[in-house]
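Heads up: the structure comes next, in structure tokens.
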Amino acid sequence: PLPDYSPAVVIGTGYGAAVTALRLGEAGVPTVMLEMGQLWNEAGPDGKVFCDMLKPDRRSMWFKKRTEAPLASFLWLDVANHDIDPYAGVLDRVNYGGMSVYVGRGVGGGSLVNGAMAVQPKRSYFEEILPQVDADEMYGKYYPRANAGLGVNHIDEDWFETCKSYQFARVSRKAAQKTGLKTTFVPSVYDFEYMKKEEAGTVERSALASEVIYGNNHGKRSLDKTYLAAALGTGHVTIQTLHQVREIIQQPDGTYTLVVRESDALGNVLATKHLSTKYLFLGAGSLGSTELLVRARDTGRLPRLSEAVGQGWGTNGNVMLGRANHVWDTTGSLEAGMPALGIDDWDNPTHPVFAEIAPVPAGLETWASLYLAITKNPERGHFTYDAASDSAKLQWTPDQGQPSIDAAKSLFDRINKANSTIYRYDLFGDTRAFENRFTYHPLGGLVLGEATDNYGRVKGYRNLYVTDGSLIPGSTGVNPFVTITALAERNIERVIAEDGVRA
Ligand code: FDA
């Protein structure tokens with residue numbers, strides 16, 4: 001049961017939240033974590049915790065009547081999506097008109113659904129986006145700490161060259177090399193030794209059974225197996241699931257009271273509860289944490305919150321695209337759900353791009369090469385409070401996504417030219433070649449040094465902190481979770497040392 005009071009409370013259970021809870025627990029601080037999603041540890045009727053990506057059921061998505069997969073169509077056929085029963089599933093797609101944002105729901109947040117790519121940005125780019133953060137400390141201390149805590153591992157490069165699972169990546173690499181571009185292996189939190197055994201047929205398949213965006217039944221070191229397991233192991237941390245924080249109220253003595261809505265997995269509200277705390281950490285992700293503070297400011301609950309709350313949001317320049325492969329360049333029907341290679345053209349002076357070579361794990365030959373390009377898009381969105389729905393709305397217009405397309409097009413036009421190939425026009429529900437209407441990498445909203453001080457302390461309020469991707473100003477140049485983790489490590493170390501956080 002939920003206590004009335006806990007010295008520390010962490011909202012959410014994603015990367016920033018998990019790091020924070022572990023370090024609080026190690027410091028002996030009793031900490032309650034509140035997560036709106038479920039704990040994913042019980043098998044369904046098919047004997048699996050997570051559902052099949054090719055035959056999704058209600059476990060796939062967060063309260064939808066039909067799945068909303070990133071690849072909307074194949075040969076313009078509506079084969080990717082399926083009707084499902086509304087349920088507290090693991091992947092949410094939050095639709096804001098001009099932009100849709102994919103986020104994980106459950107104990108572990110995005111780590112349950114993501115592609116496991118654990119990439120550090122180039123140091124020069126990190127210094128550009130967060131100039132006030134000591135890069136020596138980040139690269140010398142906090143990135144290594146994050147990588148260790150996350151269980152990051154590297155692919156056996158000899159195996160990569162011969163395995164079936166990454167033939168798709170080798171085909172894309174060949175096309176990149178023909179263009180004079182360099183590719184780079186990406187570290188991962190998916191256990192590559194397990195994947196080897198999957199291909200050898202000695203263990204149950206997960207990444208090789210098309211599992212990725214709706215959860216992995218094996219092989220992935222998601223946060224529930226790393227940071228959160230360690231946090232629970234301190235004996236000072238507890239997690240309450242299906243508890244959504246709605247309001248943050250400050251009491252005259254400076255403590256915070258949270259209004260928390262408890263539901264069941266079918267969406268029925270069971271209770272509205274109150275939990276008070278002295279130290280409150282927001283780790284609900286870019287959308288979740290920003291919404292809580294935008295609502296608190298604009299309803300007058302926390303009126304001293306700054307104008308910077310809700311600003312500086314970006315898509316990490318995400319744009320997805322496919323290329324049509326020549327008939328002889330087959331990828332095979334087996335594609336590992338976890339990417340292992342990226343095209344690194346980030347040093348390009350006009351259009352920096354880091355393009356991950358993504359699988360199309362359809363279980364059949366598709367003659368397609370898919371990419372998620374991360375580009376340097378300077379456009380930023382912001383959130384406004386909508387009283388009618390009591391929610392924060394993202395303000396982002398389709399034209400703000402154009403710089404992402406321009407950059408990706410510049411790179412992939414070169415690749416197509418060098419290889420005499422063309423784009424795929426059948427993947428996104430209409431005939432567009434570039435899909436920039438969604439992002440996997442929402443960043444910002446409560447930017448470090450603007451809505452907070454340089455360590456995530458919210459401006460205007462004591463003992464109120466932001467720990468997650470909302471601190472990052474819209475772009476990391478690579479997949480973001482290692483940076484979110486490392487920044488959270490840095491900030492919580494300082495806060496525990498300086499702010500007198502204790503039981
Ligand atoms: P995160 O979003 O992880 O966690 C927030 C948690 O808070 C969620 O569990 C949510 O349910 C909960 N919450 C929200 N509001 C709440 C409320 N009011 N009350 C209670 N709980 C609340 N990144 C990367 O580096 N490599 C990769 O390969 C990929 N691939 C990828 C694929 C897909 C499909 C997605 C959707 C995302 C990725 N990402 C990725 C992105 C990565 O997963 C993402 O950047 C991080 O999960 C963000 O971490 P945070 O700590 O910010 O929050």
Side-chain angles (χ1 to χ4, degrees), residues 9-20 33-40 53 62 69-70 88 90-94 100-121 146 150 152 186-190 212-215 220 222-224 227-228 239-248 258-263 282-293 295 316 318 320 337-340 342 356 358 372 374 391-392 438-446 466-472 476 478-485 487-488:
V9 168
V10 177
I11 306 175
T13 56
Y15 291 91
V19 167
T20 303
M33 304 185 81
L34 298 170
E35 168 56 53
M36 66 191 273
Q38 303 199 67
L39 174 64
W40 291 93
M53 193 175 87
W62 182 258
V90 72
L91 179 70
D92 199 356
R93 176 173 166 137
V94 184
S100 296
V101 183
Y102 283 102
V103 291
R105 298 266 179 241
V107 175
S111 76
L112 297 168
V113 299
N114 70 29
M117 279 167 286
V119 197
Q120 285 181 205
L150 293 166
V152 172
V186 289
S188 180
V189 295
Y190 195 87
V212 50
I213 59 172
Y214 301 140
K220 197 203 258 182
S222 46
L223 289 168
D224 50 321
Y227 272 101
L228 291 170
I239 303 176
Q240 299 283 339
T241 58
L242 293 165
H243 279 61
Q244 185 187 25
V245 178
R246 300 292 310 173
E247 305 269 357
I248 304 170
L258 302 175
V259 180
V260 185
R261 188 187 284 168
E262 184 188 7
S263 306
L282 274 66
S286 170
L287 302 186
S289 294
T290 305
E291 174 166 86
L292 283 168
L293 291 194
R295 183 190 285 133
N316 205 21
N318 276 194
M320 192 175 255
M338 302 291 135
E356 63 183 60
L372 182 75
I374 296 170
S391 63
F438 74 75
T439 182
Y440 288 157
H441 301 162
L443 295 170
L446 303 168
V466 179
T467 69
D468 55 33
S470 46
L471 291 171
I472 296 175
T476 51
V478 293
N479 316 67
F481 75 60
V482 185
T483 300
I484 295 170
T485 305
L487 202 59

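Both counts, for ligands and for their atoms, begin at 1 and track the order of listing. All values reported here derive from a predicted model rather than from experimental measurement.
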Ligand 1 versus [X], non-hydrogen atoms closer than 4.0 Å: side chain, backbone, both, neither?
X    : result
I213 : side chain
I11  : side chain
E291 : neither

Those atoms of ligand 1 less than 4.0 Å from some heavy atom in [X]:
X    : result
G106 : 9 (O)
L34  : 20 (C), 21 (N)
A116 : 27 (C), 28 (O)
G16  : 51 (O)
R105 : 10 (C), 11 (O), 14 (C)
V113 : 34 (C), 36 (C)
G109 : 3 (O), 4 (O), 8 (C), 9 (O)

Taking [Y]'s backbone N and O only, do any of them form a donor-acceptor pair with [X]'s side chain (distance below 3.5 Å, no angle check)?
X    : Y    : value
T13  : A18  : no
N316 : T476 : yes
K220 : G215 : no
S263 : L242 : no
R93  : S100 : no
E291 : A392 : yes
T439 : V101 : no
D468 : A284 : yes
S222 : G108 : no
S188 : M117 : no

- Task: Just jot down the salt bridge (charged side-chain N to carboxylate O under 4.0 Å, His left out) partners of E35, sequence neighbours excluded, or say none.
- Result: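 Salt bridge (charged side-chain N to carboxylate O under 4.0 Å, His left out) check on E35 returns nothing, list empty.
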For ligand 1, find out whether one of its N or O atoms is nearer than 3.5 Å to an N or O atom of [X].
X    : result
Y102 : no
G469 : yes
L91  : no
A17  : no
G110 : yes
V103 : no
S286 : no
V482 : no
A118 : no

If hydrogens are left out, which of [options] has an atom nearest to [atom], that is, the closest non-hydrogen atom?
atom                    : options                : answer
atom 19 (N) of ligand 1 : V478, V245, T467, N316 : V245
atom 5 (C) of ligand 1  : A488, A284, G288, P70  : A284
atom 8 (C) of ligand 1  : G104, S470, G12, S289  : G104
atom 47 (O) of ligand 1 : F438, Y15, F481        : Y15

- Message: Before you tell me yes or no, could you show the steps for W62 and V94 under side-chain contact (heavy atoms from CB on, under 4.5 Å), namely the whole-Å CA-CA distance, both residues' side-chain angles and the distance that decides it to 0.1 Å?
- Response: CA-CA 9 Å; W62 182 258; V94 184; over 6 Å; no
- Nearest non-hydrogen partners of G115 and P339, listed with the distance: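 Result for this residue pair: O-CD, 3.7 Å.
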Looking only at protein heavy atoms, which one is nearest to [atom], and how far off is it?
atom                    : answer
atom 43 (O) of ligand 1 : N114 ND2, 3.1 Å
atom 48 (C) of ligand 1 : I484 CD1, 3.6 Å
atom 21 (N) of ligand 1 : M36 N, 3.2 Å
atom 53 (O) of ligand 1 : G285 CA, 3.5 Å
atom 50 (P) of ligand 1 : D468 CB, 3.9 Å
atom 4 (O) of ligand 1  : G14 CA, 3.4 Å
atom 26 (N) of ligand 1 : M117 O, 2.8 Å
atom 12 (C) of ligand 1 : E35 OE1, 3.4 Å

- Decide side-chain contact (heavy atoms from CB on, under 4.5 Å) for Q240 and L34; before the verdict, give the C-alpha distance in whole Å, the side-chain angles of both, and the deciding distance to 0.1 Å. CA-CA 5 Å; Q240 299 283 339; L34 298 170; 3.9 Å; yes
- Message: What's the separation between atom CZ in R246 and atom CZ in R295, rounded to the nearest 0.5 Å?
- Response: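 Reported to 0.5 Å precision, the distance equals 4.0 Å.
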- Message: Would I248 and L258 count as a side-chain contact (heavy atoms from CB on, under 4.5 Å) here? Give the steps.
- Response: CA-CA 5 Å; I248 304 170; L258 302 175; 3.7 Å; yes
- Message: Under 3.5 Å, is there a donor on one side chain and an acceptor on the other for N318 and Y102?
- Response: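 Checked: N318/Y102 side chains show no N/O donor-acceptor pair below 3.5 Å.
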- Given the rule in the side-chain contact (heavy atoms from CB on, under 4.5 Å) test, do M36 and D92 qualify, once you have shown the distances and angles that lead to the verdict? CA-CA 12 Å; M36 66 191 273; D92 199 356; 5.6 Å; no
- Taking atom 38 (C) of ligand 1 as the reference point, report whether a protein heavy atom occurs under 4.0 Å from it.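 True for atom 38 (C) of ligand 1.
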